Amino acid sequence: MADSGSRWRVHKFGGSSVADAECMARVAAILEDDPRPRMAAVLSACRGVTDALLQLVAAAECRDADLRDRLTALRERHATIAAALLDPAEASARVAEIDGDCAEIAGLLHTVSVIRGAPASLRDLIVGFGEIWSTRIFSTYLARRNRRRAVRWIDARDLIVVDWGPLGPTVRWTESSANLARLSPGDETLIVTGFIARDAQGQQTTLGRNGSDFTGSIVGNLLDADEIHIWTDVDGVLSADPRLVPDATIIDSLSYEEAMELAYFGAKVIHPQTMAPAVARGIPIWIRNTFAPEKPGTVICARPQSNHQVKGITSIDGLALINLEGAGMIGVPGTAQRLFGALREHGISVVLISQASSEHSICFAVPDAEAARTAEIVRETFKGELERGQIQSVGVTGGCSILSVVGDGMAGTPGVAAKAFSSLANVGVNVRAIAQGSSERNISMVVDRPQAGRALGAVHSAFYLSPHTVSIGLVGPGHVGAALLDQIALQAERLMRDFRLDLRVRGIVSSRRMLLQHAPIPLDRWRDRFAAGSVAADLRAFATHIHTDRLPHTVIIDCSASAEVAAEYPRWLADGIHVVTPNKRANSGDLPLSEAIRVARRQGSTHYLYEATVGAGLPIIQTLRDLRETGDDIRRIEGILSGTLAYLFNVWDGTQPFSAVVADAKASGYTEPDPRDDLSGMDVARKLIILGREMGMPLALADVQLEGLVPDSMMAGDTDSFMRRLTELDAPMRARLEKARGHDRVLRYVGALDAASRSARVGLVELERAHPFANINLTDNIVRFVTGRYDRNPLVVQGPGAGPGVTAAGVFADLLRVCAYLGARL
Ligand code: ADP
Ligand code: ASP
Ligand code: MG
């Protein structure tokens, strides 16, 4: 037709895009940004107005009393928009029209309530006003806002002529084109009412719910537009309905066929009928976001460029499965024809059909509401066969949903169906029926409605997420937990890029509060989020949230020091949640808990890693495990296992009282908040128990010979009163130091395990000045393994053994180890 410079462009704005005055201003700006001299903008009714009008009709049918109020509310809503956008004279002109329309509607509603029913023609008349109101206000606004451009309001009833058939409206192109010629549009912006049209008899009709998309495409065809832009409230066509699948991602481009299939199977963003008029002229359709016009959106066209095999996954609810079964159908030609012929005669639309090649059964899906009637029709049609037993039964299963996987790329690609089915099996969803179109563009699975959400999530993640996506919950955002989140934040992007490892922290819980989120918590802002959005802590609810079916793996990281949290490990591990922790409670607590953890790990095939329980980030547990598993004979483990006590004895040279060194250390943050936790030797005893159990000695606390530095008399009371009495330690400690010096030795707080004597000791010992334990720095830990292989010259691990940074790094390393066990190639 015309050269591209003067070709038309069609924009269609959905109800969400014209919800209020602010939205309409946004729409006007979008149109102004389009330099085309010739444009058409098709508008829906303001959001919710069509629904409200339909409800009015329903209310009139039941003679509800508040009809007038509801109508007034609709009028007010439009009057408010007009007042905000137009000058007073224009606004009152528009509102006067709306008042006239409302009077007409009131009259129609009166008729509806008198006859207690609304004929389709009446209903169409009433519900079409939404588009008339939105477009009238908008076109007045646009004309005023930009006087350089001519704006013309077009009532689609003067343009589009359709016939309504069982499959919906079909356009009468000849009449519609003639109408267009009569309107003879030129260099101007046409503002067109969506949704409404006229039939061959000249009666007003609609294009069906969400029909404005169809209007957009019809207008695009009539004007031979070079592009149609459908503006909505999402960034484009998503891989699944974002309300059901929060991880859904934007699809860059789709073929018309794919889009049609997605729309038919429930992707609400496009109306199924939209495509045909655009396809007929090969016009690309863009789906774009009114609220983010800078985003590219999705293009639907004849030859899309996309790397995705699968384009989208949809679900439709409210279906029933009808199953016709009997040996009498085998090899009998025409059975299917009789069946579907009968359904067609009764106007029942079949959503999906599946027939096994044995022809022993035919199974199909219809809307739930039609199920009983359908079964009746089928029984009637096959009455003879049922009586003769050639058909055994006509079964009806209500409450089903269809899940469809759509994509051109599936054709000839093996494994797509297998991936879909195995992901359903993994989350325990039963598939009732399957259908695959011979185009291989679609695989549909019928599942029970209550399982549909889970099914959708699982199939979506199988196709769209990295198989190494991990849902992470962090317990205890204290020093270590916070350092860990910060470390993950710095590495997340690299891990994703290099290894497709997608670490998603979706929950944080402290002893009092918790923050749960479906989408990953932005780790550069987790503190603000946690402060702003957290609710009362509930560990069970936390674990349930983190362990979502939607993501392939779950890890809970416990950075608390809580026994209560540790008590949950068996439940988590048995449920399939991997656990990583620096919390010593589980491994050094009651033996039955350790045993329960062992059993749960087996049961859930899960991993439980706790390197940072001993020596912070130092490789101590892993070293021990490697030694054991390679068959070494571990004879003795000894070392300085407390960063705090290491520090105290490294620093204390006798020039000051012991209490002063402790007070300094506390002030510098080198001790626990209550230094007795360190000085009592309990922490070292716990670590020794952990190491003991790791080397096959099932130790309990009672088995450890523990020499603490705090006398029993000072163990009671709060931290402050203990700190005030701290000087009571000075004299006995000085005596110990003097004695050691007398032998030219130093004091160190050491833990030792001995396999032969099955003993575990913790206490202060005198060591020669040359001893490796006497020559460590600050908070260093040092551990010596004496084994069959490392006998005369033991294996030594040494380095900083305390502090949030190194401890968090140890936990992080464990997390990555779990990911590697789960298949990530790190
Ligand atoms: P409009 O008012 O613009 O016509 P609709 O409500 O009709 O908007 O359609 C847009 C909505 O469709 C989105 O907000 C989204 O929630 C929903 N939706 C369902 N499936 C999809 C999908 N696959 N991709 C994008 N959006 C979808
Ligand atoms: N307003 C009509 C509806 O809500 C048409 C549309 O918005 O597409 O169905
Ligand atoms: Mg829509």
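Note that this is a predicted model, so its numbers are computed, not measured. Counting starts at 1 for both ligands and their atoms, following the listed order. Values below: all heavy atoms of this structure, side chains included; hydrogens, waters and symmetry mates excluded.
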Ligand 1 contact by [X], heavy-atom criterion under 4.0 angstrom:
{"X": "S212", "value": "no"}
{"X": "P242", "value": "yes"}
{"X": "K311", "value": "no"}
{"X": "G312", "value": "no"}

[atom]: nearest protein contact (heavy atom, Å):
{"atom": "atom 11 (C) of ligand 1", "answer": "D233 OD1, 4.0 Å"}
{"atom": "atom 17 (C) of ligand 1", "answer": "R243 NH2, 3.2 Å"}
{"atom": "atom 8 (O) of ligand 1", "answer": "T232 OG1, 3.2 Å"}
{"atom": "atom 23 (N) of ligand 1", "answer": "L238 O, 2.9 Å"}
{"atom": "atom 6 (O) of ligand 1", "answer": "K268 NZ, 3.0 Å"}
{"atom": "atom 21 (C) of ligand 1", "answer": "D241 CA, 3.8 Å"}
{"atom": "atom 12 (O) of ligand 1", "answer": "V269 N, 3.7 Å"}

Atom-level proximity to ligand 2, residues with heavy atom under 4.0 Å: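 Lining ligand 2 at under 4.0 Å, by heavy atoms, one finds S44, T50, E131, F195, R209, N210, G211, S212.
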
For [Y], does its backbone N or O pair with a side-chain atom of [X] as donor and acceptor, under 3.5 Å?
{"X": "E131", "Y": "A45", "result": "yes"}
{"X": "R506", "Y": "H518", "result": "yes"}
{"X": "R454", "Y": "V427", "result": "yes"}
{"X": "T111", "Y": "G107", "result": "yes"}
{"X": "D368", "Y": "G399", "result": "yes"}
{"X": "S401", "Y": "S315", "result": "no"}
{"X": "R198", "Y": "R157", "result": "yes"}

Tell me which part of [X] gets within contact of ligand 1: side chain, backbone, both or neither, using heavy atoms under 4.0 Å.
{"X": "R47", "answer": "neither"}
{"X": "N210", "answer": "side chain"}
{"X": "S17", "answer": "neither"}
{"X": "R209", "answer": "neither"}

Taking 4.0 angstrom as the limit and counting only heavy atoms of [X], give me the atoms of ligand 1 inside it, by number and element.
{"X": "V237", "value": "24 (N)"}
{"X": "A240", "value": "22 (C), 23 (N)"}
{"X": "G15", "value": "1 (P), 2 (O)"}
{"X": "K12", "value": "4 (O)"}

Trace of the side-chain contact (heavy atoms from CB on, under 4.5 Å) decision for Y264 with I316: CA-CA 9 Å; Y264 176 75; I316 351 183; 5.8 Å; no

Note, M410 side chain near R441 side chain (heavy atom, < 4.5 Å):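 They are not in contact (no side-chain heavy atoms under 4.5 Å apart), so the answer is no.
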
pair T274-K12: side-chain heavy atoms closer than 4.5 Å: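 T274 vs K12: side chains apart.
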
Stepwise side-chain contact (heavy atoms from CB on, under 4.5 Å) test for M24 and F13: CA-CA 10 Å; M24 285 200 185; F13 296 89; over 6 Å; no

With K311, the side-chain contact (heavy atoms from CB on, under 4.5 Å) member among D408, T298, I251: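 The option that passes is I251.
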
Geometric cation-pi criterion, R136 with W153: 6.0 Å, 45°: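 Yes, cation above the ring, under 6.0 Å and within 45°.
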
S466 side chain to D502 side chain, donor-acceptor N/O pair below 3.5 angstrom: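 There is no such pair between these side chains.
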
Modelled atom types, side-chain donor and acceptor of S306 and D252, under 3.5 Å: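 Judged by distance alone, the side chains do pair up.
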
